[in-house]
Engineer: 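Got a structure for you, questions after.
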Amino acid sequence: MTTTTLPAVGDAVPSLRVDSVEADKIRIMALVLQDPNPIHFDLAAVRAAGLGDREVNQGGVTMAFVMNMLAAWAGSRAAVRVVDCRFSANVFAGDAVDLGGTVTAVREVDGEHLVDCEVWADSGDGVRAIAGTATVAFPV
């Protein structure tokens with residue numbers, strides 16, 4: 001566990017920054033996920049869709065950045081119990097992604113503290129790409 005005290009309502013989730021989403025990793029994830037959407041690997045398709053000239057990161061990968069932030073805070077991936085996100089903007093190859101959150105509730109259930117949070121991922125020039133909620137478990 002990376003934190004020594006239980007979080008409180010209003011506390012910030014320790015932020016995380018992805019300095020640059022790499023085009024090669026977007027293309028690799030398209031292969032791994034068997035995602036046939038060409039906006040992840042074909043720049044002509046990106047341009048034809050009116051999305052510019054850089055590959056579009058998979059929404060699930062951007063959400064995984066949020067999950068990584070939560071796991072680093074709580075000390076393990078197993079501590080991340082629920083993540084519910086709304087995707088509102090694209091993240092493109094070369095974008096930085098800033099991830100953060102705020103504690104909204106702390107409750108004890110079945111011998112563990114569950115910490116509810118608002119979470120987000122802001123892409124590129126500060127556009128909110130993901131907004132949502134999460135629940136993370138901390139030991140009692």
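Fair warning: this is a prediction, and the values are worked out from it, not measured in the lab.
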Engineer: Quick one: are Gln58 and Leu33 in side-chain contact, heavy atoms under 4.5 Å?
Structural biologist: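 Yes. Closest side-chain heavy atoms under 4.5 Å.
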Engineer: Considering non-hydrogen atoms only, spot the tightest contact between Phe41 and Ala30 and give its length.
Structural biologist: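 Phe41 and Ala30 have their closest heavy atoms at CD2-CB, 4.0 Å.
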Engineer: Is the shortest distance from a Lys or Arg side-chain nitrogen in Arg47 or Asp53 to a carboxylate oxygen in the other one below 4.0 Å?
Structural biologist: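 No salt bridge links Arg47 with Asp53.
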Engineer: What verdict does the side chain to side chain contact (heavy atoms under 4.5 Å, CB included) test give for Arg54 and Val46, after you've listed the backbone C-alpha separation in whole Å, the side-chain angles of each residue and the deciding distance to 0.1 Å?
Structural biologist: CA-CA 7 Å; Arg54 297 181 289 153; Val46 175; 5.9 Å; no
Engineer: With a 4.0 Å cut-off on N to O distance, would you call Lys25 and Glu55 a salt bridge?
Structural biologist: no
Engineer: Hey, what do you get for CG (Asp95) to OG1 (Thr62), rounding to the nearest 0.5 Å?
Structural biologist: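 Here the interatomic distance stands at 9.0 Å.
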Engineer: When rounded to the nearest 0.5 angstrom, what is the spacing between CD in Glu22 and CG in Asn57?
Structural biologist: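 It is 11.0 Å, given to the nearest 0.5 Å.
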Engineer: Measuring from Leu31:CG to Ile26:CD1, what's the distance to the nearest 0.5 Å?
Structural biologist: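 If I round to the nearest 0.5 Å, the distance is 12.5 Å.
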Engineer: Does CZ belonging to Arg86 count more than 12 external heavy atoms closer than 6.0 Å?
Structural biologist: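 For Arg86, atom CZ is not crowded (no more than 12 foreign heavy atoms under 6.0 Å).
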Engineer: What closest approach, in Å, do Ala137 and Glu112 show between heavy atoms, and which atom pair accounts for it?
Structural biologist: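 Looks like CB-OE1, 3.6 Å.
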Engineer: Where the side chain of Asp11 meets the backbone of Ala8, is there a donor-acceptor pair that is under 3.5 Å apart?
Structural biologist: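 Judged by distance alone, yes, a pair lies under 3.5 Å.
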Engineer: Is any side-chain heavy atom of Trp73 less than 4.5 Å from a side-chain heavy atom of Val115?
Structural biologist: yes
Engineer: Would you compute the distance between atom CG of Asp35 and atom CZ of Arg27 and round it to the nearest 0.5 angstrom?
Structural biologist: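 Nearest 0.5 Å value for the CG-CZ distance: 14.0 Å.
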Engineer: Can you pull out every side chain to side chain donor-acceptor pair (under 3.5 Å) where at least one residue sits in residues 129-140? Sequence neighbours excluded, please.
Structural biologist: Asp116-Thr135
Engineer: Supply the atom-to-atom distance Leu51 CG to Leu43 CG, rounded to the nearest 0.5 angstrom.
Structural biologist: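 Here the rounded value is 11.5 Å.
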Engineer: Identify the heavy atoms of Ala45 and Pro38 that sit nearest to each other, and give their distance.
Structural biologist: CB-CB, 3.5 Å
Engineer: Checking Val97 against Asp122 for the side chain to side chain contact (heavy atoms under 4.5 Å, CB included) test, could you report, in this order, the C-alpha distance in whole Å, the side-chain angles of both residues, the deciding distance, and whether it holds?
Structural biologist: CA-CA 6 Å; Val97 181; Asp122 293 342; over 6 Å; no
Engineer: Show the nearest heavy-atom pair for residues Ala71 and Val80, with the distance to one decimal.
Structural biologist: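 Nearest pair, atom of Ala71 first, then Val80: N-CG2, 3.8 Å.
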Engineer: CD1 of Ile28 to NE2 of His40: how many Å apart, nearest 0.5 Å?
Structural biologist: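 Reported value, rounded in 0.5 Å steps: 14.5 Å.
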Engineer: Are the side chains of Phe92 and Ser123 in touch, meaning some heavy atoms are under 4.5 Å apart?
Structural biologist: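 No. Closest side-chain heavy atoms not under 4.5 Å.
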Engineer: If you draw a 6.0 Å radius around CZ in Arg77, do more than 12 non-hydrogen atoms from other residues or ligands fall strictly inside?
Structural biologist: no
Engineer: Side chains of Thr5 and Phe138: does their closest heavy-atom pair fall under 4.5 Å?
Structural biologist: no
Engineer: Between Leu70 and Val119, is the side chain to side chain contact (heavy atoms under 4.5 Å, CB included) condition met? List the steps.
Structural biologist: CA-CA 9 Å; Leu70 294 167; Val119 293; 4.1 Å; yes
Engineer: Would you sort out whether Val106 and Leu114 count as a side chain to side chain contact (heavy atoms under 4.5 Å, CB included), showing the intermediate values?
Structural biologist: CA-CA 6 Å; Val106 179; Leu114 297 180; over 6 Å; no
Engineer: Could you tell me whether the side chain of Pro14 reaches within less than 4.5 Å of the side chain of Leu16, counting heavy atoms only?
Structural biologist: no
